[in-house]
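Within every chain, numbering begins at 1; the chains are lettered A, B, ... in the order of the sequence lines, protein sequences first and strands thereafter.
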There are 2 protein chains.
Amino acid sequence: MKGSTGTMLLTLLNRQPLYGYEMLRELERRSEGVFSLKEGTLYPILHSMEAEGWVEAYWEAVNGRNRKYYRITDTGSRVLKQKKTEWALFRNAVDSVIGAEFKRQAESSQSMGGGRFR
Amino acid sequence: MKGSTGTMLLTLLNRQPLYGYEMLRELERRSEGVFSLKEGTLYPILHSMEAEGWVEAYWEAVNGRNRKYYRITDTGSRVLKQKKTEWALFRNAVDSVIGAEFKRQAESSQSMGGGRFR
DNA sequence: ATGTAATACATAGTATTGCTATGCATAGTA
DNA sequence: TACTATGCATAGCAATACTATGTATTACAT
């Protein structure tokens, strides 16, 4: 794990509000088991993102359990966009250096950054 | 920068022995300016890689300057291979989670050493 | 009913990683 | 002569994530 955890969590929250425990399972599912965060990793991150104003928390009782949901803020959305751009830059730079055996091909989906990496 | 520095440095050394200062410039060149390590970042990494037995150092005087060259060891080569696999796994997992706008496509070239990547 | 697993949030302590700042020393150049 | 580039090195700090632990409730199996 190397620092893109925040980006991934913001991405999840960008779709819909989630509570902590749910994020753990969702992240593990989407990464096909590669990322299995522990609570001790997740919660401090959520707290600091809340302190930064990237997410907002609210409590909700569901099925007799208290859950602390997090929703992304406008600031958080802007940060996410920036972080995605940074990730793409970082990833492509690493691949350039180590000579990745996979090539990237531009796709027609939404534009994140400059998007003419190869 | 988050932890793949060692992988990138080992990759450079896997092609040929280099001295520290040279690695800084080579890394910057290959990453097109994205990675511009400082000496304070590089040398501790080299020392620890040497302590791990992944690289060997030897002094050589060139053009009236003393340079400390590093060459990769057999152990280092094995570690590099493993680290490259881990990087690919990590990178693809992050992309899966954040929904990268680039798709990966299998390439026919070899992974180590040869395959030039632009 | 009782024990265990799963759910759910939280903090303390530690390890790793990388950066900034600084130091020393030599060679080339303006 | 002064400044820049080259070349190696360490100390101190900041960020990040992991391990370990604590608390509490709910679900389920024995």
Q: For the pair B:K83 and B:E86, evaluate salt bridge (Lys or Arg N to Asp or Glu O under 4.0 Å) and give the outcome as yes or no after the intermediate values.
A: CA-CA 5 Å; B:K83 278 179 172 289; B:E86 283 167 16; 5.4 Å; no
Any side-chain N or O of [X] less than 4.0 Å from the OP1 or OP2 oxygen of [N]?
X     : N      : value
A:R65 : D:dT25 : no
A:H47 : C:dC9  : no
A:K38 : D:dT21 : no

Q: Describe the nucleic acid contact of A:G20 in one word from base, sugar-phosphate, nothing, applying a heavy-atom distance below 4.0 Å.
A: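 Answer is sugar-phosphate: A:G20 comes under 4.0 Å of backbone atoms only.
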Q. What nucleic acid atoms does B:R67 come within less than 4.0 Å of, heavy atoms only: base, sugar-phosphate, or nothing?
A.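 Sugar-phosphate only.
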Roughly how many Å is it from [atom1] in [X] to [atom2] in [N], rounded to a whole number?
X     : N      : atom1 : atom2 : result
A:E39 : D:dT23 : CD    : P     : 16 Å
B:L18 : D:dT6  : CG    : P     : 15 Å
B:I45 : D:dA9  : CD1   : C1'   : 14 Å
B:Y21 : C:dA25 : OH    : P     : 18 Å
B:L42 : D:dC8  : CG    : P     : 9 Å

Q: Could you label the plane-to-plane angle of the B:Y58 and B:Y69 rings as parallel, tilted or perpendicular, counting under 30° as parallel and over 60° as perpendicular?
A: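 Rings of B:Y58 and B:Y69: parallel, under 30°.
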Q) From D:dT10, C:dT20, C:dA6, pick the nucleotide closest to the side chain of B:T41? A)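 Nucleotide nearest to B:T41's side chain: C:dT20.
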Q) Picking from D:dT10, D:dG7, C:dC9, which would you name as closest to the side chain of A:Y43? A)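 Side chain of A:Y43 sits closest to C:dC9.
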Q.
When you compare the side chain of B:L80 with that of B:W54, does any pair of heavy atoms fall below 4.5 Å?
A.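 Of all side-chain heavy-atom pairs linking B:L80 with B:W54, none is under 4.5 Å.
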(Q) For A:R30, run the side-chain hydrogen bond (donor to acceptor under 3.5 Å, both in side chains) check against A:E26, A:E28, A:E32 and tell me which one passes. (A)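 Of all the options given, the one that passes is A:E26.
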